[in-house]
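Not measured: the values here are computed from a predicted model. Residue indices begin at 1 and follow the sequence shown.
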Amino acid sequence: MDSLFPLAQVRNIGIMAHIDAGKTTVSERLLFFSGKTYKLGEVHDGTATMDWMPQEQERGITITSAATTFQWANCQISLIDTPGHVDFTAEVERSLRVLDGAIALFCAVGGVQPQSEQVWRQSEKYNVPKLAFINKMDRPGADFFGVVEEIEKELGANALPVVIPIGSEEHFEGIVDLIEEQALYFSEDPKNHTPEVRPIPTASAETARLWRQRLVEKCAELDDALLEKYLGGEPLSRDDLLETIRKATIARRIVPVFCGAAFKNKGIQTLLDGIVRYLPSPLDVPPVRGTWGEEEVERPADPEAPFSALVFKIVSDRHVGRLTYLRLYSGTLRPGTTVLNSTQGTPQRIGRVLRMHANKQEAIEMARAGDIVAVIGVQKGRTGDTLCDERHPIVLESIEFPAPVISISIAPENRQDEEKLNAALHALAEEDPTFTVAHDDETGETVISGMGELHLEIIVDRLRREWQVVSRVAPPEVAYRETATAPVIEGQYRHVKQTGGRGQYAHVFFRLEPLPPGSGFEFVNEVVGGRIPSNYIPAVEKGVIKAMEKGPFAGYPVVDMRVTVFDGSYHEVDSSDFAFQEAARQCFRQLFLQARPVLLEPVMSVEVATPEEYVGAISGSICQRRGRIESMDRQGSDRVIEGLVPLSEMFGYANTVRTLSQGRASFTMTFEHYEAVPFALAEEIIKKRRAANKIR
């Protein structure tokens, strides 16, 4: 497996889609038809290679992104299968950050669904070129051309079908290859790998002619030389089309569209050809950029260049220890090499270099630019860190992750397991940047936070299975925030303490102003004439930040505030960092309570896809939960209800939707924004919070 391929023959790709579009089934077929695996694994019976976690096999969903490498048409393809469930959006984010190309998978019945849009936006953020694969063409209600239209309309993509289906639903027989101008028929028998090539059937000939014409016209529009040729009446050759589609795909000007039915083994070989033909190699994407100090640094995808790699995933494996997943952007890495973690400024010695196949490892002697591998030996790396050559340092752009929106308190059933629980939580938090662990000093509770109920449910299940810690959890707690609604022009606080010996003295004047939602915290220093020495200003800022961590209104973090320090005084002997920190903390607390504080709650964008007969019941359930319905559209035979609902009202909603629709409706939920809690409800929340935390 480890014979080195020229970089031009390397592809690093991912599969991204809405939940249940068939990502893992497509992955299994890619591995099988490429010869990487010799037995087809299925999601429904828990044997899928890429869904190796017990939790994935039991639930039939992908939870963690799994990496593997295989070969097709003399190319090395590294594949990452990402989750579709919104609770595991971090897995998609980190994968797209390090991939060169992606397959956007769509269900031929469901089309562009809520999570399809979310993952598409994530891929656009990282400028990832894409192919589209419309799966499940054999399902009742399959509509290839309708989904192509949706991709253009909903996602703003320039979709270019390079194949069209022959029939659909139970009559889906094969595909017409518009470039080769031939029909391909696939056997459902997995032993028969080679599609049968036939002339285009008469029933599909006119549709194929029209779509072939559209493909030729689009290619001509994309290239001036081809346009001249086309307008001059010359036919465009197969090579002209292939080269133009490749260039335009890599430049993200078009999205080639394929189709098939992965479960029935149809259309996969054509998709594999498309990956090799149209998606970029590491040489086709711009050199990676980073910084060192004030200087901007660039690294070309070249095995001879100085080594640089990004840590995009960390896994605690009970057999081999801590696995650090890397995308190598430049240079070469061998076992035993010492590299620099430039993000943290620490040297790290690489033990072993492994090529991954889901949860199985294969030791290799060398990895080089363009490779995606795992290494053992990096003890202090975090997701988003840069590893590089000690003599040629660079810090690559890190990975941004969404903040957790749901919290629960957790404690071991057995007090002797306290230490084991803390170690396990620490390991899980290292693996997953959207999972956080905090200890509340006032209540003595350990609070864990994540992206949703399923996310935290999986964490608790992993604690039991992998670390043998049985835990008690309290009901989920919403991540409320506090902010001010009115400015406080001026306020002061003088901190004076005399306890014998050296005293404490600090005096600060503050101005508080609320900022627009999402602005964060801004600290402004307007002190002049040395009224507060400049060496104490960082302590003032630190004191404000400390006060904002647990707001004075209800004990939740304070957001979207500008705090200006504009005056104060100090004492030559009694002033200190600690005194100014304390003065700033108390001054902020006093003024914030004068600034008409309000409680903010996370509001979620909720989309429910439901058969027509349950629309009334589902709409009513959203309104009962303080939700407001924003739109109601039709998607195939289903209705899609979009609304905004406070997170605090959404716990247990999955069961409600199932009950109201006899299990036929599904919903997705993504964080939208923070919004003020109604006054009466805010009072109730604050009262409970103060009782729980003994805030006075």
Side-chain angles (χ1 to χ4, degrees), residues 8 11-17 26 75 77 96 99-106 108 111-112 116-117 119-135 144-165 175-181 207-231 235-260 267 270-286:
R11 303 286 182 270
N12 292 317
I13 64 160
I15 301 185
M16 57 182 210
V26 169
C75 274
I77 301 171
L96 289 171
L99 293 170
D100 299 326
I103 300 165
L105 201 62
F106 300 93
V112 176
S116 317
E117 292 182 43
V119 294
W120 191 275
R121 279 198 300 270
Q122 285 173 292
S123 72
E124 287 294 292
K125 181 166 87 175
Y126 294 117
N127 302 320
V128 178
K130 292 170 282 290
L131 306 178
F133 184 75
I134 297 173
N135 191 27
F144 174 80
F145 300 108
V147 178
V148 170
E149 201 177 303
E150 272 188 56
I151 292 170
E152 296 204 314
K153 189 174 144 200
E154 305 288 332
L155 304 175
N158 187 4
L160 179 68
V162 290
V163 304
I164 61 167
I175 60 174
V176 174
D177 186 327
L178 297 174
I179 292 171
E180 307 289 354
E181 295 186 273
T207 310
R209 189 189 65 76
L210 290 171
W211 282 93
R212 159 84 182 183
Q213 183 62 26
R214 183 180 161 177
L215 181 141
V216 169
E217 283 171 7
K218 272 203 181 181
C219 285
E221 285 167 18
L222 292 163
D223 186 288
D224 290 344
L226 282 195
L227 185 60
E228 206 174 300
K229 200 172 173 182
Y230 177 70
L231 294 173
L236 302 189
S237 71
R238 169 186 180 276
D239 289 346
D240 286 338
L241 297 176
L242 290 176
E243 189 184 338
T244 306
I245 294 170
R246 177 173 176 75
K247 279 184 187 165
T249 304
I250 291 168
R252 295 171 47 250
R253 295 174 67 194
I254 62 163
V255 176
V257 184
F258 295 81
C259 69
T270 320
L271 177 62
L272 280 161
D273 289 338
I275 292 166
V276 169
R277 283 176 177 174
Y278 307 128
L279 288 179
S281 75
L283 297 175
D284 295 315
V285 294

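- Counting only distance, with no hydrogens or angles, the side chain of R11 and the backbone of I77 share no donor-acceptor pair below 3.5 Å.
- Partners of E221 according to the salt bridge (Lys or Arg N to Asp or Glu O under 4.0 Å) rule, which considers only residues two or more places apart in sequence or in another chain, do not exist here.
- I250 contributes atom CD1, which lies 4.0 Å from atom CG of D284 (distance to the nearest 0.5 angstrom).
- Counting heavy atoms from C-beta outward, E180 and R238 have side chains that approach closer than 4.5 Å.
- Nearest heavy atoms, S281 versus D100: C-OD2, 4.2 Å.
- Residues satisfying the side chain to side chain contact (heavy atoms under 4.5 Å, CB included) criterion with T270, sequence neighbours excluded, are V163, I175, L184, F186, F258.
- By the side chain to side chain contact (heavy atoms under 4.5 Å, CB included) test, E181 pairs with R212, sequence neighbours left out.
- Residues passing the ring-ring contact (aromatic ring centres under 6.0 Å, His included) test with Y126: none are found, sequence neighbours excluded.
- Under the side chain to side chain contact (heavy atoms under 4.5 Å, CB included) rule, N135 has a single partner from V147, L105, L271, which is L105.
- Between atom CD of residue Q213 and atom CD of residue E217 there is a gap of 4.5 Å, rounded to the nearest 0.5 Å.
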Exercise for the section: Give the intermediate values and the outcome of side-chain contact (heavy atoms from CB on, under 4.5 Å) for residues I103 and V26. Expected result: CA-CA 10 Å; I103 300 165; V26 169; 5.5 Å; no
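- Contact annotation: the side chain of I15 never approaches that of F133 to less than 4.5 Å [non-hydrogen atoms, C-beta and beyond].
- For S116, the side-chain hydrogen bond (donor to acceptor under 3.5 Å, both in side chains) test picks out no residue, with sequence neighbours left out.
- A search for side-chain hydrogen bond (donor to acceptor under 3.5 Å, both in side chains) contacts involving D177 returns nothing, not counting sequence neighbours.
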Handout entry: Trace of the side-chain contact (heavy atoms from CB on, under 4.5 Å) decision for I275 with I13
Key = CA-CA 8 Å; I275 292 166; I13 64 160; 3.7 Å; yes
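- In this view, K153 satisfies the side-chain hydrogen bond (donor to acceptor under 3.5 Å, both in side chains) rule with no residue, not counting sequence neighbours.
- The aromatic rings of W120 and F106 lie tilted to each other, with the angle between the two planes from 30° to 60°.
- Scanning both residues, I151 and A132, for their nearest heavy atoms gives CD1-CB, 4.2 Å.
- With sequence neighbours left out, the salt bridge (Lys or Arg N to Asp or Glu O under 4.0 Å) criterion links E149 to no other residue.
- Interatomic distance, M16 CE to K130 NZ, rounded to the nearest 0.5 Å: 5.0 Å.
- Checked against side chain to side chain contact (heavy atoms under 4.5 Å, CB included), L210 has the following partners two or more places apart in sequence or in another chain: E206.
- Residue pairs satisfying the salt bridge (charged side-chain N to carboxylate O under 4.0 Å, His left out) criterion with at least one member in residues 222-231, sequence neighbours excluded, are listed as follows: K229-D240.
- Residue L178 forms a side chain to side chain contact (heavy atoms under 4.5 Å, CB included) with just one option from V216, V162, I164, L241, and that option is I164.
- In this structure, CG in L99 is found 10.5 Å from OG in S123, a value given to the nearest 0.5 Å.
- Take L222 and apply the side chain to side chain contact (heavy atoms under 4.5 Å, CB included) test, not counting sequence neighbours, and it matches T244, A248, R253, I254.
- For the atom pair CG (L242) and CZ (R277), the distance works out to 5.0 Å, reported to the nearest 0.5 Å.
- Scored by the salt bridge (Lys or Arg N to Asp or Glu O under 4.0 Å) test, D273 finds no partners at all (sequence neighbours excluded).
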